[in-house]
Each structure stands twice: as structure tokens, then as C-alpha cells.
Chemist: 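I'd like to ask you about the structure that follows.
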Amino acid sequence: MPQPKFISIQRLFPRLYSIVPGWIKGTYHCITAASGAGKSKYARFAYAIHSYKYCKEHSIPLDIIWFAREESYDKFWTMILADLLYEKHGISITYYQSKGFYDDITPEVQSYINDLLPEIEEMKKVIHVIDNVGNPTGLLYETERHLKRIGTFVESGRFTDNQGNEIIKKTYKYNDPDHHVIVVADHIGLLDTENNKIEKVDTLHLAISKWSKYALEELIKKYQCIVVSVHQQEMAGENIEHRKANLLVPTEAKLGDNKIVGRDYQYTWGLFRPHKYEINKWLDYDIPKFKKHFSSLHLIKHRDGEADIVTPLYFHGITNKYEELPLPFIEGTKTPNPELNQYYV
């Protein structure tokens, strides 16, 4: 049986790959964490940057439709530029440096930045960042607008629903069946309400439900998109009671603004940064040695396989880069793994 085309994470997260092979067409992902835990950076790294590189290397046609609800178009691409600068030259610059708020970019670094701009323009042909559409139906229509470029819609019938609304049924066919489309909503706690003729969508809770319904029924089932909803944990999840009970890690029960849509997700990924809560030991790692750079990735829900898997990650911080950490001990022993020394700060 020939292997289907998909976006493998074997090089991205080698150990996690044995549980989840990668980003597969027609799947629904949730990334959840507390505020300030790096959700957007992880989403950019794993679903935008990695997918772009992998598909380019393996000649897989790709479009990424990124609905930026929390940040601007300009900031998104500024952070991608910082990633490329670090990856190619080992130079880290902050957002403020890149925008000129600090006058400390040397002529040499500026020349590196200028050399990277053509690559950014190439990435923009694949990664479409939209920061001015925020209501659920708007997200759907904007995605369908992009889909028209790479496939064909065919009307297959019309009917009237119970409320008297005319519904047009459509089928869709990609020009290239291997074309992958990733749709990211970052984050859904900032979705707008809307005046919807079919059903009420006048609260954030209802807007999230409407978006999830579109994601499942249209984007995933009909168009075979990979949909990623960045879903913040509720603020109460960080209160004193949760700290005392050691209940700080992300869970489905603590999804913010609308817990019910947690039932829709096929993959729920949680990010946790123990340094934020002054936790010194986590997963047998000495957290103070990493300072702010340790993060754990929790596979909370996995509809098609094993769940409750935790992957330790090194989080670069200034850029979007995440890296799977070596195990804390040499295999079969309690001897600290010397491979970790390169990650200590």
C-alpha cells in the first residue's frame, strides 16, 4: 500500500513521531495553554514554519491560511524574519530591535536581514496572514476564497432549512489531490460575534461554537483542511487552589470561554512552562538550569491513538523555535544525561 502524502514530524519531534506521524489532511487540532505560555509561537513553529519547509522539500503543494486575531500581519512576519536570522546566522534579535526601537542593529546584521527578505516574499506566497477578519462566517468565506484558486466548487443542490433559509450544497475538488491546506485561528478567544441569519452568534461562546461547526462540517469534512484552533485556558486555572492541588497543566476541563468544543477536537495539545510557577523539578528535569526555556508539550486528547503523552521541549524564547529535549537520564540508569548540558543557560 503506497504511503499517503502528509506533513511528517519525524525530524521535528523524533520521539513524538512514534505516536503521531504528523499533520494529516482532514484533521482538527487544538493548541491550549495559559496566557503567555507560547501558544502562538508554538503554532507558528510547528504548523507554519515546519509545514512550509517540509512541503517545499518534498514538493507537496501547500497553502496556510492564518487568521491572526492576537497579532498584526506585520508582527507575524517580523517574528518569522527573526526565526530565519537565528536559523541561518545564529543571531537572535527581539521584536523591538527589529522594528528599530533600539538602535543597535549593526550594518552586518542589517545586511543579513536584507538578504533574507526575498525568502520572506516566497513564504508569503504560501502563508496567507489575515488580520482583519474575525467573525466565524468571515473566516469560512475567506478560506473558501483561497480554495477557489486551487480547486473547483460544484453546486450539487439547494434546499430550504426549518428556518426558511436557502442552503446551497457544494462539492469541492482540488486541482492537485496532494494539495494541503492548513487553517489556523489564533486565538479563538478573540473571535468576533456576527449577525447570522441562520442562527444566533451574538456572544463569544456562540462564536466559538459556530467556528468549530464550520471547521468540522466544512473545512475538515468537505475540504479536507488541517484546522488548528489556538484555545486559551481559563484564567481561573492559574489560581491559588489550582497551584496547591498541582493542577496547573492544561486540561480539556479548563478550556476557556467554551469547553463544549473540546469534544470536537481530534488532537488537543497543551503547553506548560513550569518555570512560570517556580517549579524546580518537572519530568525529572532540573528546571532552574533551563531558566525560561523549558516547556512541556502534552498530548491531552488523541482520538486515533495513544493520549496523555508528555514531550519535553527546549523553547528558544525570542524566536519561535522549539526542540525536543534529550531524555533526563542515560537510558536504563539514573545518571544525568550529558546531552542536556548544551541546553542549560
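Only this structure's heavy atoms are used, side chains among them; waters, hydrogens and symmetry mates stay out.
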Chemist: For the residue pair Ala34 and Lys39, what are the closest heavy atoms and their distance?
Modeler: O-NZ, 3.2 Å
Chemist: Are more than 12 heavy atoms, taken from residues, nucleotides or ligands other than Tyr141, located less than 6.0 Å from that residue's OH atom?
Modeler: no
Chemist: Classify the ring geometry of Tyr42 against Tyr47: parallel below 30°, tilted from 30° to 60°, perpendicular beyond 60°.
Modeler: perpendicular
Chemist: When you measure from the centre of the six-membered ring of Phe6, is the NZ or CZ of Lys25 closer than 6.0 Å and no more than 45° off the axis?
Modeler: no
Chemist: Do you know which of Lys301, His231, His29 makes side-chain hydrogen bond (donor to acceptor under 3.5 Å, both in side chains) with Tyr265?
Modeler: His231
Chemist: Can you give me the closest heavy-atom contact between Ala207 and Pro136, atom names plus distance?
Modeler: O-CG, 3.3 Å
Chemist: Flag yes if more than 12 heavy atoms outside Tyr95 fall under 6.0 Å of its OH atom; otherwise flag no.
Modeler: yes
Chemist: Determine yes or no for a side-chain-to-main-chain donor-acceptor pair under 3.5 angstrom, with Ser111 supplying the side chain and Glu108 the backbone.
Modeler: yes
Chemist: Is the backbone N or O of Glu87 less than 3.5 Å from a side-chain atom of His89, with the two atoms forming a donor-acceptor pair by type?
Modeler: no
Chemist: Could you check whether any side-chain N or O of Thr333 sits under 3.5 Å from a backbone N or O of Ile330, counting only pairs where one atom can act as donor and the other as acceptor?
Modeler: yes
Chemist: If you measure from CD on Glu70 to CD1 on Ile188, what distance do you get to the nearest 0.5 Å?
Modeler: 12.5 Å
Chemist: Between the side chains of Arg11 and Glu57, is the shortest nitrogen-to-carboxylate-oxygen separation below 4.0 Å, so that they form an ion pair?
Modeler: yes
Chemist: Under the 3.5 angstrom rule, does the side chain of Ser212 hit a backbone N or O of Ile208 as a donor-acceptor pair?
Modeler: no
Chemist: Any idea which heavy atoms bring Ala43 and Trp66 closest together, and the distance?
Modeler: C-CH2, 3.5 Å
Chemist: I'd like to check Lys200 versus Thr193 (side-chain heavy atoms, cut-off strictly below 4.5 Å). Are they in contact?
Modeler: no
Chemist: Check this for me: does any side-chain nitrogen of one of Arg44 and Asp83 sit under 4.0 Å from a carboxylate oxygen of the other?
Modeler: no
Chemist: Is any side-chain heavy atom of Tyr322 closer than 4.5 Å to a side-chain heavy atom of His316?
Modeler: no
Chemist: Check this for me, if you would: do Asp264 and Lys213 make a salt bridge, where the nitrogen-to-carboxylate-oxygen distance has to be below 4.0 angstrom?
Modeler: no
Chemist: Measure the NE2-CZ distance between His50 and Phe13 for me, rounded to the nearest 0.5 Å.
Modeler: 8.5 Å
Chemist: Does the side chain of Arg273 reach to within under 4.5 Å of the side chain of Phe294, using non-hydrogen atoms?
Modeler: no
Chemist: Is Leu283 reachable from Ile19 through a run of I, L, V, M, F, W or Y residues, each pair having side-chain heavy atoms under 4.5 Å apart?
Modeler: no
Chemist: What pair of heavy atoms forms the shortest contact from Val126 to Leu62, and how long is it?
Modeler: CG1-O, 3.3 Å
Chemist: Below 4.5 Å, heavy atoms only, C-beta onward: do Ile65 and Val184 meet side chain to side chain?
Modeler: no
Chemist: Look at the rings of Phe290 and Tyr285 and say which category their plane angle falls in: under 30° parallel, 30 to 60° tilted, over 60° perpendicular.
Modeler: perpendicular
Chemist: Quick one: CG on Leu191 to CG on Asn135, what's the gap to the nearest 0.5 Å?
Modeler: 8.5 Å
Chemist: Parallel under 30°, tilted from 30 to 60°, perpendicular over 60°: which one fits the rings of Trp282 and Phe272?
Modeler: tilted
Chemist: Would Lys259 and Glu234 pass as an ion pair if we require N to O under 4.0 Å?
Modeler: yes
Chemist: Could you list all the ring-ring contact (aromatic ring centres under 6.0 Å, His included) pairs where at least one residue sits in residues 196-216, not counting sequence neighbours?
Modeler: none
Chemist: If you round to the nearest 0.5 Å, how far is CG of Leu116 from CE of Met123?
Modeler: 10.5 Å
Chemist: Can you list the steps and then say if His146 with Arg149 is a side-chain contact (heavy atoms from CB on, under 4.5 Å)?
Modeler: CA-CA 6 Å; His146 283 276; Arg149 295 184 295 102; 3.4 Å; yes
Chemist: Under the criterion salt bridge (charged side-chain N to carboxylate O under 4.0 Å, His left out), I'd like the reasoning laid out for Asp74 against Lys99: C-alpha separation, chi angles, the key distance, then a yes or no.
Modeler: CA-CA 10 Å; Asp74 177 71; Lys99 302 307 292 182; 2.9 Å; yes
Chemist: Out of curiosity, Ile113 CD1 to Ile91 CD1, how far, rounded to the nearest 0.5 Å?
Modeler: 8.5 Å
Chemist: With a 4.5 Å cut-off on side-chain heavy atoms, are Pro336 and Asp286 touching?
Modeler: no
Chemist: Could you check whether atom CG of Asn195 has more than 12 heavy atoms from other residues, nucleotides or ligands sitting under 6.0 Å from it?
Modeler: no
Chemist: Quick one, Thr251 with Ile300, criterion side-chain contact (heavy atoms from CB on, under 4.5 Å). Give me CA distance, side-chain angles, the key distance, then yes/no.
Modeler: CA-CA 7 Å; Thr251 66; Ile300 300 167; 5.5 Å; no
Chemist: Of all heavy-atom pairs between Val310 and Ser296, which one has the smallest distance, and what is that distance?
Modeler: CG1-CB, 3.9 Å
Chemist: Hey, are Tyr343 and Glu323 close enough side-chain-wise for a donor-acceptor pair under 3.5 Å?
Modeler: yes
Chemist: Is the number of heavy atoms from other residues, nucleotides or ligands under 6.0 Å of Lys292 NZ greater than 12?
Modeler: no
Chemist: List the steps, then state whether side-chain contact (heavy atoms from CB on, under 4.5 Å) holds for Met79 with Lys41.
Modeler: CA-CA 9 Å; Met79 297 308 298; Lys41 289 188 174 185; 4.3 Å; yes
Chemist: Can you tell if the side chain of Ile64 reaches within under 4.5 Å of the side chain of His128, non-hydrogen atoms only?
Modeler: no
Chemist: Report the C-alpha separation of Lys169 and Glu155 in whole Å, then their side-chain angles, then the decisive distance to 0.1 Å, and conclude whether the salt bridge (charged side-chain N to carboxylate O under 4.0 Å, His left out) test is met.
Modeler: CA-CA 6 Å; Lys169 294 184 69 176; Glu155 183 178 322; over 6 Å; no
Chemist: Going from CH2 on Trp77 to CD1 on Ile120, what distance comes out if it is rounded to the nearest 0.5 angstrom?
Modeler: 6.0 Å
Chemist: Will you find, in the side chains of Thr27 and Gln266, an N or O donor that is under 3.5 Å from an N or O acceptor?
Modeler: no
Chemist: What's the shortest heavy-atom distance between Thr78 and Ser98, and which atoms?
Modeler: CG2-OG, 2.9 Å
Chemist: With the threshold set at 4.0 Å, does a side-chain nitrogen-carboxylate oxygen contact exist between Lys56 and Glu122?
Modeler: no
Chemist: Less than 4.0 angstrom from a charged side-chain N to a carboxylate O is my criterion; do Arg69 and Asp131 meet it?
Modeler: no
Chemist: Hey, does the side chain of Glu199 reach the backbone of Asn196 with a donor-acceptor pair shorter than 3.5 angstrom?
Modeler: no
Chemist: Assess whether atom NZ of Lys124 is packed by more than 12 heavy atoms of other residues, nucleotides or ligands within 6.0 Å.
Modeler: yes
Chemist: Is any side-chain heavy atom of Thr311 less than 4.5 Å from a side-chain heavy atom of Leu313?
Modeler: yes
Chemist: Check this for me, if you would: do Glu218 and Lys222 make a salt bridge, where the nitrogen-to-carboxylate-oxygen distance has to be below 4.0 angstrom?
Modeler: yes
Chemist: When you look at His293 and Phe315, which way does the ring-ring contact (aromatic ring centres under 6.0 Å, His included) test go after all the steps?
Modeler: CA-CA 5 Å; His293 299 283; Phe315 171 43; 7.3 Å; no
Chemist: What I'd like to find out is whether the side chain of Tyr172 reaches to under 4.5 Å of the side chain of Ile150, using heavy atoms alone.
Modeler: yes
Chemist: Should Tyr223 and Glu144 be marked as a side-chain hydrogen bond (donor to acceptor under 3.5 Å, both in side chains) after you check the CA-CA gap, both sets of side-chain angles, and the distance that decides it?
Modeler: CA-CA 9 Å; Tyr223 306 135; Glu144 290 183 332; 2.5 Å; yes
Chemist: Dump the intermediate steps for side-chain contact (heavy atoms from CB on, under 4.5 Å) on Tyr28 and Leu216, then the final yes or no.
Modeler: CA-CA 8 Å; Tyr28 196 3; Leu216 275 176; 3.9 Å; yes
